[in-house]
Each structure stands twice: as structure tokens, then as C-alpha cells.
K.L.:
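Quick one: this structure, given as C-alpha cells, is what I'll be asking you about.
Order of listing sets the numbers, starting from 1, for every ligand and every atom in it.
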Amino acid sequence: MTIFEANISISLIDFFKSNLKNIDSLERANFFLKEISGINSFFKNKEELMELKKRIEEDISIIKEPNRRAYGDFQTNEDLANNIVKYLSKRRVSPEFVIEPTCGKGRFILAALKQFKGIKKIVGVEIYYPYVWETKFGILDLFLNEKPTCKPEIEIIHEDVFNFNLEDLAKENKHLNILVIGNPPWVTNSELSTLNSNNLPQKSNFKSHKGIDAITGKGNFDIGEYISLQILRNFDENKGGFAFLVKSAVVKNILHNQWKSKYQIGNIRKLNIDAKKEFNVSVDACLFFTKFNSSAEYTCQEIDFYSQEEITEFGWHKNKFVYSIVDYNKAENLDGKSPFVWRQGMKHDCSKIMELDRFNGHFINGFKQEVSPEQNLLYGLLKSSDLKHEVVDFYRKTTIVTQKKVGQDTSYIKREYPKTYDYLENNRAYFDRRKSSIYRGKPPFSIFGIGDYSFAKYKVAISGMYKRTTFSLVLPEKDKPLMLDDTCYFIGFNTIKEAKIAQTILNSDIVQAFLKAIIFSDAKRSITKDILMRIDMEKAYHLLESEINISEHSDWKLFGEKFKEGSSNQMSLFSN
Ligand SMILES: C[S@@+](CC[C@H](N)C(=O)[O-])C[C@H]1O[C@@H](n2cnc3c(N)ncnc32)[C@H](O)[C@@H]1O
């Protein structure tokens with residue numbers, strides 16, 4: 001059932017019917033409801049009171065909810081809100097003042113009222129009017145049916161949190177033990193631009209990023225992150241704590257920035273939840289829990305919320321931002337500069353034309369058309385999903401490689417490979433439609449991520465998209481090297497022996513521990529060129545020397561010699 005588009009229980013409708021029947025005065029109605037529930041100004045004005053009285057006598061229909069995407073609307077379910085509040089209670093959180101800055105349907109407020117005994121005040125803020133009502137109805141229902149152990153003064157405020165004065169609220173309540181709890185909107189500022197929404201903090205120049213850049217150091221981010229930062233900034237000197245459900249990246253970003261912001265927060269915890277189960281969304285999310293008024297801390301314990309199993313401690317350690325302090329301590333001496341230049345695979349942004357499937361010796365493009373270019377410019381292509389095994393010598397896709405290095409003139413294709421040229425020229429419109437500015441002013445059919453290194457026969461490669469940190473050895477097809485797409489990274493070698501040694505070093509326990517220490521797997525692309533360029537393979541090689549009897553392994557010894565050569569010529573022998 002809904003009233004004012006807010007869900008309401010039948011028992012509450014009956015309660016209103018019998019108790020408000022003879023009350024037409026705003027003051028009397030509000031006094032009566034405050035006595036029961038503690039809610040201040042249940043009705044803002046007489047019109048609201050009369051409207052409610054009218055609506056409870058009518059047939060109440062279920063109204064379809066409007067699209068609330070711009071409000072990042074993922075309401076916390078009752079069980080999760082209750083479990084979070086119980087968890088906090090176990091950790092001796094016992095607030096006198098509970099603040100829910102974007103309270104939605106009020107599940108955290110209800111859970112707090114059921115769990116905490118000493119609450120004196122509650123403030124909930126919500127932008128969506130039906131939810132303001134649903135929260136008030138829920139509280140009234142709770143007091144009528146369950147008789148909570150405390151009866152605080154409650155304000156449920158219909159307001160945009162960006163216009164709400166958090167600073168004064170923090171200053172005026174320094175004497176109270178505060179809990180700021182909630183689940184702020186799950187939406188990024190760039191999603192809001194796409195939705196043409198103005199649900200943004202106007203004063204801080206959020207949209208043009210300037211204000212927010214100063215706070216977070218980057219352009220696109222969650223507005224939940226912004227709200228979290230506002231809370232930390234205003235309340236970090238108050239007594240009490242903070243417990244927000246946020247995307248995992250928000251905690252990582254806040255901690256990364258803590259180096260500069262130095263908020264007075266301690267006991268920082270990231271408690272991972274299953275967002276698919278709780279909210280039916282596929283994101284990494286967690287409860288971010290920390291204590292105000294502590295000396296500023298820079299690391300965070302990551303824990304599984306359900307099992308309470310400790311996962312890692314991440315954050316600032318020895319002036320580096322690392323994902324696993326334990327692993328970093330084991331492998332920190334590998335944190336340096338790679339003697340090899342890691343390369344990203346090729347990029348063409350025209351897969352329907354450039355990538356071909358093979359069927360019984362025939363080639364089919366993305367439009368299911370059969371094509372027959374000359375073999376010379378065709379190469380096997382591997383994507384992230386092809387790098388699942390330690391050795392890869394099989395490919396599903398073939399790609400046309402139009403250049404040997406970036407910017408190379410492509411007019412040779414017409415002269416030397418007329419069939420390939422005709423095919424490309426007939427589909428030129430698809431190339432011309434490529435949006436990225438990198439293709440502007442470049443020869444027709446240009447590709448990127450291509451150079452001498454792409455033609456190294458043997459490659460040691462890894463996907464940037466997966467959490468797996470094992471490196472694959474990529475073998476050529478006869479004498480022709482396989483190409484990788486731009487979701488992969490690799491180093492190239494001319495001999496299989498060198499490639500195998502490089503792979504052994506990279507897959508060794510010590511390098512794997514180093515990667516585990518520095519990779520944040522919640523990122524979209526968890527493995528990047530920057531990460532790979534930090535692996536000092538020469539140091540790893542020397543650490544492994546003790547495990548291998550070098551005198552018996554001439555190839556290993558030779559490989560070590562190459563580091564010496566490499567220091568003067570930037571490992572050109574290896575990186576090609
Ligand atoms: C992720 S939901 C969570 C709701 C509630 N905190 C909970 O835990 O169930 C985010 C809530 O923020 C509200 N919201 C979005 N933008 C807001 C704003 N600018 N000011 C106040 N509330 C806002 C939405 O309407 C929605 O109810």
C-alpha cells in the first residue's frame with residue numbers, strides 16, 4: 001500500500017483512521033505523534049495533515065516508482081541494516097546521536113532504534129519526498145508495535161544533503177557521542193552528466209570537477225565518495241564513528257588521499273559485503289567503518305563482513321600505497337624499475353573489420369562476410385580471455401596488422417597486398433568513424449600499440465582485466481608471432497629460452513607476492529603498465545639464483561649477462 005507514494009502498513013492506516021479522525025489541528029496532531037514516536041513536526045503544515053486524512057479514506061493504489069537512477073538509489077535491506085548495526089554494537093558503538101545523511105526508506109534508522117539503547121537524537125535527511133514519509137511511517141509503526149528501548153527526538157528532513165549544514169550540526173553536537181551511518185547514493189558524476197541530472201553539490205563546482213579535484217585528486221567519482229568526505233571533514237573531531245556502505249573504490253580513494261587530508265580517523269575497517277546478493281548489482285562494495293577523533297591513521301583492515309575473516313591490511317606503508325602490507329614486507333626489494341619495457345597490445349577500434357574468424361580456411365569478419373585478404377598482413381590475435389594457460393599457442397581470432405610502427409605510411413598496402421587493400425578501402429567508413437582523437441590526421445587504417453616489439457616471436461604476457469597474476473608464454477605460429485590486443489601487456493623475446501626464463505622469474509613466489517602486495521583487484525583494470533614497470537626483474541633474478549644451481553644452467557647464466565648489457569642499452573635486446 002502507498003500513501004504519498006510511500007509504502008505504508010495496513011495497521012498504520014488503521015491507526016491513522018481511528019486516531020486522527022477527530023484531530024484537525026496541526027499542533028495537536030504533531031504533539032500526539034511526537035508523544036508516541038519522538039518525531040518532530042510529523043506534518044510540516046496543515047495541508048499535509050488534511051491530505052493524509054483524505055488519502056487514508058480513499059482506495060490506496062500502488063504507484064509505479066519513477067526512474068531514480070540519478071539518485072543512486074539502492075535501498076539497504078532490513079536484514080543487512082540490522083546486521084550492520086549489531087556488528088557496530090558488538091564493537092562497543094553506543095551512540096547518543098544518530099545521523100543518516102541520505103536516509104531513504106529509513107532502514108538504518110529503524111535498525112538503530114531497535115539496537116542502541118542510549119540514543120537521544122536522530123536526524124535523517126532525504127531528497128525524495130515519498131521516502132521521507134516512508135521513514136516516518138516506519139518509525140511510527142515501530143513505536144506502535146515494538147516499543148523500542150529508547151525514545152529519542154527525531155527529525156526526518158526533506159532536503160538535499162548538499163544544501164544541509166553538516167558543519168553546524170557537527171559543531172553543535174560536540175558533547176554527544178555521534179554515529180553517522182548510512183548508504184549514500186551509488187552514482188558517479190559522469191553518470192549524472194549522461195542522465196542530465198543536477199543531483200550534484202552545486203557550490204563545490206562538482207560538475208566541472210574543480211572543487212572535487214582538489215578534494216579527491218581526480219575527475220570521475222562516486223557522489224557517495226563526496227558525501228563521505230564531507231562527513232569526515234566535518235565530524236573528524238567529534239566523538240563517535242562513521243559507518244557507510246560504499247563501493248570498495250571509495251575506501252581505497254579516501255585512504256589514498258588520507259596522506260594529504262590527514263583526517264582524524266582511526267581503527268579504519270573495510271568490511272566486504274556481497275553487493276550482488278544484497279543489492280543485485282555487480283560491484284565491489286563494503287561497509288566503511290572508522291572512529292572519529294583519533295590520531296590520523298593511514299592503513300585499513302580489510303575483512304569479510306559475513307565471516308569476519310581478515311583479508312588484508314592495506315594503505316600507506318613505507319611511503320608506498322600497497323594492498324598487502326604483509327606481502328610488501330616480504331617482497332619490497334623488488335619495488336623498483338623493470339629493466340624490460342612492458343608494452344600494451346595493439347589497438348584499432350575497428351574490430352568488426354579488423355578481426356576475422358577462421359572457418360575451414362575461410363575468414364569471416366564481424367559482419368559475417370567472407371573475406372580473403374593476403375596472408376602476409378594476417379596475424380593470430382590473443383585477447384585477455386585467451387591468456388588462461390601457462391603456455392598459449394592457440395588463437396581464436398586473426399587480425400590485419402596494417403603497420404609495423406605507429407604512424408607508418410599505409411600506401412604500400414595498395415601496391416603489395418591489393419586484396420587486403422580492397423577490403424580495407426571498401427570498409428573505410430568504419431575506420432573514419434573511429435571516435436578517438438589518436439586516429440585524427442594519421443594514415444588510413446592506422447593502428448596503435450604497434451612497434452618492433454610486437455613482432456618479437458616469443459612473448460611473456462598477462463591480462464590487465466583479470467585478478468590472475470600468472471604470466472603466460474605466448475608461442476609463435478610457425479615463424480609468425482601472435483599479436484595481443486590492448487587489454488594485455490607483454491614483453492617480447494627472440495628466443496624461447498629467454499622467454500621461458502623471464503616467465504619463470506615472473507611466476508616465482510617472490511614476484512607473485514610483490515604483485516599481490518601492490519595490486520588492488522577491485523580496479524577495472526587491476527594490472528597496468530605502471531604496476532608491471534615496478535617489478536625489478538633483475539633483483540628477482542638474483543634472489544632466485546640461490547634456488548637454482550646456476551653453473552648447471554648455462555641459459556640462466558646467460559640471461560643474467562643480459563642484464564649487464566641491458567643497463568647500457570635499456571634492454572633493447574629483450575624489449576626489441
Ligand atoms: C543508496 S540509497 C540508500 C538509502 C538509505 N541510506 C539506505 O541505506 O537504505 C541513497 C539514497 O540517497 C538519496 N539521495 C540521493 N541524492 C540525495 C541528495 N542530494 N540529498 C539527499 N538524499 C539523496 C536517494 O533518494 C536514496 O534514498
K.L.:
Run the numbers for me: atoms of ligand 1, each under 4.0 Å from some heavy atom of Tyr131, listed by number.
P.N.:
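Those of ligand 1 that fall under 4.0 Å from Tyr131 are 27 (O).
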K.L.:
I need the atoms of ligand 1 closer than 4.0 Å to a non-hydrogen atom of Phe162, numbered in the order shown.
P.N.:
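Under 4.0 Å from Phe162, ligand 1 has these atoms: 19 (N).
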K.L.:
Indicate, as side chain, backbone, both or neither, the part of Ala81 found under 4.0 angstrom from ligand 1 when only non-hydrogen atoms are considered.
P.N.:
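Looking at Ala81 and ligand 1, no heavy atom falls under 4.0 Å.
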K.L.:
Kindly confirm or rule out an N or O of Val161 lying under 3.5 angstrom from an N or O of ligand 1.
P.N.:
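Among all N and O atoms of Val161, at least one is under 3.5 Å from an N or O of ligand 1.
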K.L.:
If the cut-off is 4.0 Å to any non-hydrogen atom of Phe108, which atoms of ligand 1 fall inside it?
P.N.:
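Numbered from 1, ligand 1 contributes 8 (O).
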K.L.:
Mind checking whether Glu159 contacts ligand 1 via backbone (N, CA, C, O), side chain (CB onward), both or neither, at a 4.0 Å heavy-atom cut-off?
P.N.:
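It is the backbone that gets close, since no side chain atom is under 4.0 Å.
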K.L.:
Determine, using heavy atoms of Val125 and all atoms of ligand 1, whether some pair is separated by less than 4.0 Å.
P.N.:
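No, Val125 has no heavy atoms under 4.0 Å from ligand 1.
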K.L.:
Regarding Glu96 and Lys120, does a basic nitrogen lie under 4.0 Å from an acidic carboxylate oxygen?
P.N.:
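Yes, Glu96 and Lys120 are salt-bridged.
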K.L.:
Would you tell me which option among Ile127, Ile227, Thr76 has the nearest heavy-atom contact to atom 17 (C) of ligand 1?
P.N.:
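Looking at heavy atoms only, the winner is Ile127.
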K.L.:
So, is Glu100 polar-close to ligand 1, with some N/O to N/O distance under 3.5 Å?
P.N.:
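Between Glu100 and ligand 1 (N or O atoms, distance only) the closest approach is under 3.5 Å.
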K.L.:
Between Lys270 and Glu302 (salt bridge meaning N to carboxylate O under 4.0 Å), is one present in this structure?
P.N.:
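Salt bridge flag = yes for Glu302 with Lys270.
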K.L.:
Salt-bridge test for Asp335 and Lys320: reply yes if a basic N is under 4.0 Å from a carboxylate O, no otherwise.
P.N.:
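A salt bridge is present here (some side-chain N lies under 4.0 Å from a carboxylate O).
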K.L.:
Evaluate Trp186 for polar contact with ligand 1, using N/O atom pairs at a separation under 3.5 Å.
P.N.:
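Such a contact does not occur with ligand 1.
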K.L.:
Are more than 12 heavy atoms, taken from residues, nucleotides or ligands other than Lys174, located less than 6.0 Å from that residue's NZ atom?
P.N.:
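Correct, the count exceeds 12.
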K.L.:
State whether the number of non-hydrogen atoms from other residues, nucleotides or ligands found under 6.0 Å of Glu167 atom CD is greater than 12.
P.N.:
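Atom CD in Glu167 is not crowded, with 12 or fewer foreign heavy atoms closer than 6.0 Å.
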K.L.:
Do the charged groups of Asp327 and Lys516 touch, with an N to O distance under 4.0 Å?
P.N.:
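So Asp327 pairs with Lys516 through a salt bridge.
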K.L.:
What atoms of ligand 1 come closer than 4.0 angstrom to any heavy atom of Asp160?
P.N.:
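The atoms of ligand 1 under 4.0 Å from a heavy atom of Asp160 are 18 (C), 19 (N), 20 (N).
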K.L.:
Heavy-atom contacts under 4.0 Å between Gln75 and ligand 1: side chain, backbone, both, or neither?
P.N.:
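For Gln75, backbone and side-chain atoms both sit under 4.0 Å from ligand 1.
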K.L.:
Does ligand 1 have any atom sitting under 4.0 Å from a heavy atom of Glu126?
P.N.:
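True for this residue.
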K.L.:
Picking from Phe244, Phe242, Phe305, what satisfies ring-ring contact (aromatic ring centres under 6.0 Å, His included) with Phe288?
P.N.:
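Single ring-ring contact (aromatic ring centres under 6.0 Å, His included) partner of Phe288 among Phe244, Phe242, Phe305: Phe242.
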K.L.:
Ion pair present between Asp24 and Lys46, side-chain N to carboxylate O less than 4.0 angstrom?
P.N.:
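Not counted as a salt bridge, because no side-chain N and carboxylate O are separated by less than 4.0 Å.
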K.L.:
Heavy-atom count check: over 12 atoms from other residues, nucleotides or ligands less than 6.0 Å from Lys44 NZ?
P.N.:
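Enclosed: over 12 neighbouring heavy atoms sit under 6.0 Å from NZ of Lys44.
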